[in-house]
Amino acid sequence: MFFHIVLERNMQLHPRHFGRNLRENLVSKLMKDVEGTCSGRHGFVVAITGIENVGKGLIRDGTGFVTFPVKYQCVVFRPFKGEILEAAVTMVNKMGFFAEAGPVQIFVSNHLIPDDMEFQSGDMPNYTTSDGSVKIQKDSEVRLKIIGTRVDATEIFCIGTIKDDFLGVINDPTTA
Amino acid sequence: MSFATDSPVHSSSSDDFAALIDAELEVGSSGSSPDDRGNEEKEVDDDNDDDDEEDEDDGDGDLNDHGNKRCKTEKLEDQEEPQGSTSQGLIEEKLEVSLKDICTHPGSFGQMCILCGQRVDDESGVTFGYIHKGLRLGNDEIVRLRSTDMKNLLRHKKLYLVLDLDHTLLNSTQLSHLTSEEEYLKGQSDSLQDVSKGSLFMLEFMHMMTKLRPFVRTFLKEASEMFEMYIYTMGDRPYALEMAKLLDPKKEYFSGRVISRDDGTQKHQKGLDVVLGQESAVVILDDTENAWTKHKDNLILMERYHFFASSCRQFGFNCKSLSQLKSDESEPDGALASVLKVLQQVHHIFFDELDSDLASRDVRQVLKTVRKEVLKDCKLVFSRVFPTKFQAENHLLWKMAQQLGATCTTETNSSVTHVVSMDAGTEKSRWAVKEGKFLVHPQWIEAANFLWQKHPEEKFPVSQTKNQ
Ligand SMILES: [Zn+2]
């Protein structure tokens, strides 16, 4: 799920960045530092959309660095248990399949793939229904339900299931 | 139930905070399921960039919670600062009695159960890092997967084949170990743009040169029809993947089944525990018998491929290497061509000749049978091969000959077909010549053992020793 939230961060800036472009320098450093990172609480920071407020700088003893409290708006992405996500399949094997939704890595074990889908090995391993009408393979897009999440410094891991109504393949790369 | 607490201590990292929340939960949840987690929320928190592994177990209600929270200001900090903070822990308890509580947790991904999604910190089972980072399976799950996979594979008339890299499928050397006689190779290496045609590669970014064994491309193509193939090397993971790229540029043979020493479960040992195949259906090709102490019966021992001089030196050979002689192993009659014939035979016997139930067949038995065919009908007498007081039956060559189907005796008689000797001057050797029996060097047995075929006896003559 995406959220538009306001976060605050204390930015430390080297004195060489002071002057007319101070604000610009602050913002570009903020983007570099924050975009693409994960935090356990907020999830993955997709993009900074605006600066709310830059507080008063505080000169730090000894170094000359200045710390600015910056409030910024950003879009974050964070999967939740129970959430339905669409994801692209990255790898299929006998244990199940792995899929990605942005930075989120999802594993769907073969326990949580409908029983009528069976694993087929070969150059392009896949799970296929007995009548061959539905096939999950690399690059398939699937709709799945998250049953567990764990957020790490740079990655988000999820356990997913497609063993429920309205879940499963939403597009098949072979017929697309 | 819900309650709020004031943080008693200043927490400078989110890990501390997470620990605090956990501690609160322990108190709050006594008497109920320890797996229930609450939602936490706070106005201002100190959060480092590198906070990791924060446990989350949000219930459905949490979605709404977060919706309301979305405009809340939270504070992230670059630095640790001596600044007080007040944390508010709002803890909700949900009593969930569901499948979760009876889940056996068959395996985990990112430390969450692959079946119920619950956090599991269990370190038992086997990690499958070569398949995906963070994947671990319990022993029961491995057994289950092996048996379903086995059925699937047998239906496709396939078995498993585990292939070693170095000295079996290829030979690699450090560029710095090339001798002056081998410098010419640098000018002969094949393009890395399209590796599918080449056999000699200079991998400058790894400071290495690699020579594929003659016949390896045909071998892989043919073997992939009969086997699901794994690479299993004592090399490290980057090396293994680089070699897999050379051998299988289109990723049609190994498809993620590349196991390196980083993935094994025991040091200096290769094990089938990380191979998701039933042991009764696995054939291994490797030049190092000692790496497979637990799976000797699955192993076809390969004659080592030494192309580079450094490889010969490493194994204590003083002779010129193939590269120095500007020569190579034979393509049609080399080790890989011979072993392919053996594999075809094994596959044929397993699927087409045995009449027992498919699932009860054992490829290890088939290997034994095929091996016994090699020197079938040969009756051997050894002469001056073993030390005089040595128990002949315990000698490696004696056992090897027996495994190859030969009968070994200590006495000459008319039924003997071969005299194996190092010296043409011994009594038994002279007897062989007089009686018209084959007189062969012990290497004749070793060659048969490697190539799984009887070689022409005249290629292994026995010379007179000097004191003759
Ligand atoms: Zn579980």
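Proteins come first, then strands; the chains are lettered A, B, ... in the order of their sequence lines, and each starts at number 1.
- Here the closest heavy-atom approach between residue Asn152(B) and residue Ser121(A) is recorded as ND2-N, 4.3 Å.
- For the pairing with Leu115(B), the side chain to side chain contact (heavy atoms under 4.5 Å, CB included) check across Ile159(A), Thr161(A), Leu112(A) returns one residue only, Leu112(A).
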All N/O donor-acceptor pairs, side-chain side in residues 162-169 of chain A, below 3.5 Å, sequence neighbours left out:
from: Lys163(A); atom 1: NZ; to: His111(A); atom 2: O; distance (Å): 3.1
from: Lys163(A); atom 1: NZ; to: Asp115(A); atom 2: OD1; distance (Å): 3.2

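- In terms of non-hydrogen atom pairs under 4.5 Å with chain A, the most contact-rich of Ser224(B), Ser108(B), Cys113(B) is Cys113(B).
- Interface residue Ile114(B): backbone and side-chain heavy atoms are both found under 4.5 Å from chain A.
- Around CG of Asp140(B), the count of heavy atoms belonging to other residues, nucleotides or ligands within 6.0 Å does not exceed 12.
- Open room surrounds CD1 on Ile59(A); 12 or fewer heavy atoms of other groups in view lie less than 6.0 Å from it.
- Heavy-atom distances place the side chain of Leu135(B), and not its backbone, under 4.5 Å from chain A.
- Heavy-atom distances place the side chain of Phe128(B), and not its backbone, under 4.5 Å from chain A.
- Residue Phe157(A) holds its CZ atom at 8.5 Å from CD of Gln111(B), rounded to the nearest 0.5 Å.
- No more than 12 heavy atoms of other residues, nucleotides or ligands lie within 6.0 Å of CD in Glu118(A), so this atom counts as exposed by the packing criterion.
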Q: I would like to know whether Arg144(B) and Asn110(A) meet side chain to side chain contact (heavy atoms under 4.5 Å, CB included); could you show each step before the answer?
A: CA-CA 11 Å; Arg144(B) 189 190 73 89; Asn110(A) 61 9; 2.9 Å; yes

Check residues 84-106 of chain A and write down every donor-acceptor pair under 3.5 Å in which the side-chain atom is one partner and the other belongs to a residue at least two apart or another chain.
from: Glu86(A); atom 1: OE2; to: Arg143(A); atom 2: NE; distance (Å): 3.3
from: Glu86(A); atom 1: OE2; to: Arg143(A); atom 2: NH2; distance (Å): 3.0
from: Thr90(A); atom 1: OG1; to: Phe98(A); atom 2: O; distance (Å): 3.1
from: Asn93(A); atom 1: OD1; to: Met95(A); atom 2: N; distance (Å): 2.8
from: Asn93(A); atom 1: OD1; to: Gly96(A); atom 2: N; distance (Å): 3.3
from: Lys94(A); atom 1: NZ; to: Asp149(B); atom 2: OD2; distance (Å): 2.9
from: Lys94(A); atom 1: NZ; to: Glu228(B); atom 2: OE2; distance (Å): 2.8
from: Lys94(A); atom 1: NZ; to: Tyr230(B); atom 2: OH; distance (Å): 3.3
from: Gln105(A); atom 1: OE1; to: His132(B); atom 2: NE2; distance (Å): 3.2
from: Gln105(A); atom 1: NE2; to: Glu155(A); atom 2: OE2; distance (Å): 3.0

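- In the displayed structure, Lys145(A) atom NZ is contacted under 6.0 Å by at most 12 heavy atoms of other residues, nucleotides or ligands.
- Other residues, nucleotides and ligands contribute more than 12 heavy atoms inside 6.0 Å of the CG atom of Asp121(B).
- Ranked by heavy-atom pairs under 4.5 Å with chain A, the list Glu252(B), Arg257(B), Glu141(B), Lys158(B) is led by Glu141(B).
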